[in-house]
Amino acid sequence: MVRPFRSYPVLAAALLLALLLLGRPMAGWSASRAASLLAAMSVEEKVGQIFMVWFQGPTVSPDIAGLIRERHLGGVILYSAPGNIETPDQVAALTAGLQAQAAATGQGVGLLVGVDQEGAPVARLRQGFTLFPSQMAQAATGRADLVRQAAAATGRELRAVGINVDFAPVADVNINPANPVIGIRSFGSAPADVARNTAAATAGYASVGMICTPKHFPGHGDTAVDSHVGLPRVDHDATTLGRVDFPPFRAAFAADAPAVMTAHVVAPALTGDDNGLPATLSRRVLEGVLRGRMGFDGVIFTDSLGMGAVADTYGTSEAAVMALGAGADVLLIGADAGRPAKDRLDAMDAVVAAVASGRVPATRLNAAALRVLRLKERYGLLHAKDQATPSPDAASRVGRAEDTALARRIAARSLTAFGPTTPTLPLAANDTTLVIRPRFGRDVIDAEAEAALAQWQGPKHLFLPVDPDAQAIAGAVAEAEQARTVVLLVTNARQRDGQRRLAQALAERKATALVLVAAQSPYDLPLLPQAAVRLATYGEAPASLEALGQSLLAPFRFTGRVPAVLPAKEAHP
């Protein structure tokens, strides 16, 4: 007679351990290579695997090569500011060169190569790539299938140049109009809609084999402080968090998101007597809520540990130790303004020391490193040599005509009119129309926007400082006297009193019809005067400005629906 399995406790335990070590989604019952790699690693190698850091320049510098080969670095983050990104072919050569360095290490484990490519306004890869409208613009179409297609197209382009992690989608529910850092990066303010679109984006990335990291858990949507410079606070009670902030993350997890990114926000309802501790550094949040209550078993990425929210209080090195101890798996150190490059090495040393002293248990490091290795195994990244040859046709695989057409389709469907547009629209395509846009002072964004506006045939253009003073406003009003219609593009007027005063001055000119365009945040509209036409583009992606021109200068049907609840008319802040 065959005895029940429970009579073999030792065998049962061994089988359970084997099941836990199985790679995902490896075929059949073959043992996980990730587990065997981990078993052969030193503490220093394991620590290297859980770090993902920035570096300087468009080529493989001695600095980053040293971190990969001597400190066993597990991943890198690409940015435009440190000069990592120029052209598609250059990015492809850079990522292949980085993987070649990893292939030359003892273990030969491939690198995670990540980037923030959410769509406008946060998109590091621009020249030659498809720049999709913002997530809020995508949501304004009312079409989750378009959200999915945009994510899939983005993932294909990233893979073409050797990038395997996109720090997207933004899963925050933006219910605070004054939020200085999320805004149009969010799918909107309705939890159910944000959840549906977050799941669609997650599925889109999955369909092309791209690692995505829905962010920023437990939610950054109701904050009034930018965590790059300070520590935001979310005072939602547990019920509100469950009703508002968590649904998009639950939807992403149900759609098989392989990873998640944490937020440097204080959430007292979650941290309890850890009040004042950012979620990224709280065991109650990461292990208790994310792992325990929500059942997430993927990889937990921190947001950059060089951001002011944690670095100014704890220092990057201490934050790295605390985050690992709290349950994070990948410790990110991004290219944050004012942070020295030595922070990366110091943080690695601090984690090694914390494990050696027992402050961070070796089991915690092992669990984090194993999750990272399993993620690489799942996405075919364990062998760096397989990623060390750049695609010979990278440039032809990005910015494809069909993806550009998709971006234009999304942009056109997202344009939203607040009130009637006739008889003002369409406008005369001649110099009786004056288009006014404030300049951000950021070369790439301004250049893209002004190139797109230059395609509008006929209207005159006037470019002003982003927060015009009385003299600039008077000059714009004088220019408007020569026009029949003024189109004013407003960009984040909540923080720019000059833009609000300019809009008021133009609205008071009864002889001139005013078309007000919320060219960034639709939350600007309640702060602005009434106008003949009021529109929202949800960002200045070239496709959005192209669609705006079509809507103004030719017959157009506005189908966009604002995915955020706009407050009633507000007093100026």
Side-chain angles (χ1 to χ4, degrees), residues 48-49 51-69 71-105 107-118 122-131 153-168 205 208-213 258-259 299 301 304 330 332-335 344 372-373 375-400:
Q49 279 299 306
F51 271 91
M52 198 167 182
V53 305
W54 71 281
F55 64 98
Q56 195 80 37
T59 59
V60 180
S61 64
D63 163 65
I64 192 61
L67 289 177
I68 293 169
R69 300 186 66 165
R71 299 306 298 259
H72 321 290
L73 189 65
V76 296
I77 318 166
L78 304 186
Y79 290 93
S80 49
N84 303 144
I85 297 165
E86 294 177 348
T87 67
D89 283 333
Q90 170 268 324
V91 174
L94 172 60
T95 59
L98 293 166
Q99 297 288 8
Q101 293 294 322
T105 62
Q107 299 285 1
V109 177
L111 297 169
L112 296 177
V113 181
V115 74
D116 292 287
Q117 194 76 357
E118 304 166 5
V122 178
R124 312 298 186 200
L125 303 166
R126 306 179 85 94
Q127 181 183 342
F129 294 85
T130 306
L131 185 57
T154 299
R156 281 194 300 269
E157 291 200 345
L158 297 183
R159 289 198 61 186
V161 294
I163 296 170
N164 48 52
V165 180
D166 192 3
F167 297 122
Y205 286 116
V208 295
M210 174 59 55
I211 300 168
C212 69
T213 66
V299 175
F301 287 71
S304 173
V330 176
L332 295 183
I333 301 180
R344 303 165 303 166
V372 171
L373 293 171
L375 181 70
K376 292 180 178 182
E377 185 172 39
R378 177 180 178 181
Y379 285 86
L381 303 173
L382 277 186
H383 299 283
K385 62 180 177 61
D386 295 340
Q387 325 294 322
T389 303
S391 170
D393 58 347
S396 66
R397 294 169 60 193
V398 304
R400 300 184 308 170

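Heavy-atom basis, side chains included; hydrogens, waters and symmetry copies ignored.
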Heavy-atom closest pair, residues E157 and G399: OE2-N, 2.7 Å
Working to the nearest 0.5 Å, report the span between OG1 of T213 and CG of D116. 8.0 Å
Is it true that a side-chain atom of T95 and a backbone atom of I163 form a donor plus acceptor pair closer than 3.5 Å? no
Are Q99 and V113 packed together at the side-chain level, in the sense that at least one heavy-atom pair is separated by less than 4.5 angstrom? yes
Any side-chain heavy atom of V115 within less than 4.5 Å of one from N84? no
To the nearest 0.5 Å, tell me how far L373 CG sits from L381 CG. 11.0 Å
How about E86 and Q127: do any of their side-chain heavy atoms sit closer than 4.5 Å? no
For D166 and Y205, the nearest pair of non-hydrogen atoms, with its separation, is OD2-OH, 2.8 Å
For the CD atom of Q117 and the CG atom of L131, what is their distance to the nearest 0.5 Å? 7.0 Å
With no hydrogens and no angle check, is any side-chain donor or acceptor of R124 less than 3.5 Å from a backbone partner on I85? no
Distance in Å, S304 OG paired with Y79 OH, rounded so as to fall on 0.5 Å steps: 5.5 Å
Test item: Q387 side-chain N/O and A103 main-chain N/O as donor-acceptor pair under 3.5 Å: no
Side-chain contact test, heavy atoms from C-beta onward, threshold under 4.5 Å: evaluate it for L94 versus F55 and give yes or no. yes
Can you tell me how far the NZ atom of K376 sits from the NE2 atom of H383, to the nearest 0.5 Å? 12.5 Å
Between N164 and L111, which heavy-atom pair has the shortest distance, and what is it? ND2-O, 3.2 Å
Non-hydrogen atoms of V299 and V372 that approach each other most closely: CG2-N, 4.5 Å
Assess whether atom CZ of R126 is packed by more than 12 heavy atoms of other residues, nucleotides or ligands within 6.0 Å. yes
A side-chain contact here means heavy atoms from C-beta on lying under 4.5 Å apart; do P258 and Y379 qualify? yes
Would you call Q56 and D63 a side-chain contact if the rule is heavy atoms closer than 4.5 Å? no
Shortest non-hydrogen contact from R344 toward L67: NH1-CD1, 3.5 Å
Determine, step by step, whether I64 and L73 satisfy the side chain to side chain contact (heavy atoms under 4.5 Å, CB included) criterion, reporting the C-alpha distance in whole Å, the side-chain angles of both residues, the deciding distance to 0.1 Å, and the verdict. CA-CA 9 Å; I64 192 61; L73 189 65; 3.8 Å; yes
Testing the basics here: between A92 and A394, what is the closest heavy-atom pair and its distance to 0.1 Å? CB-CB, 3.8 Å
To the closest 0.5 Å, what do you measure between CG (L112) and CE (M52)? 5.0 Å
Just so I know, are the side chains of R400 and T130 near enough to count as touching, which here means a heavy-atom distance under 4.5 Å? no
Within-4.5 Å side-chain heavy-atom neighbours: L125 and L78: no
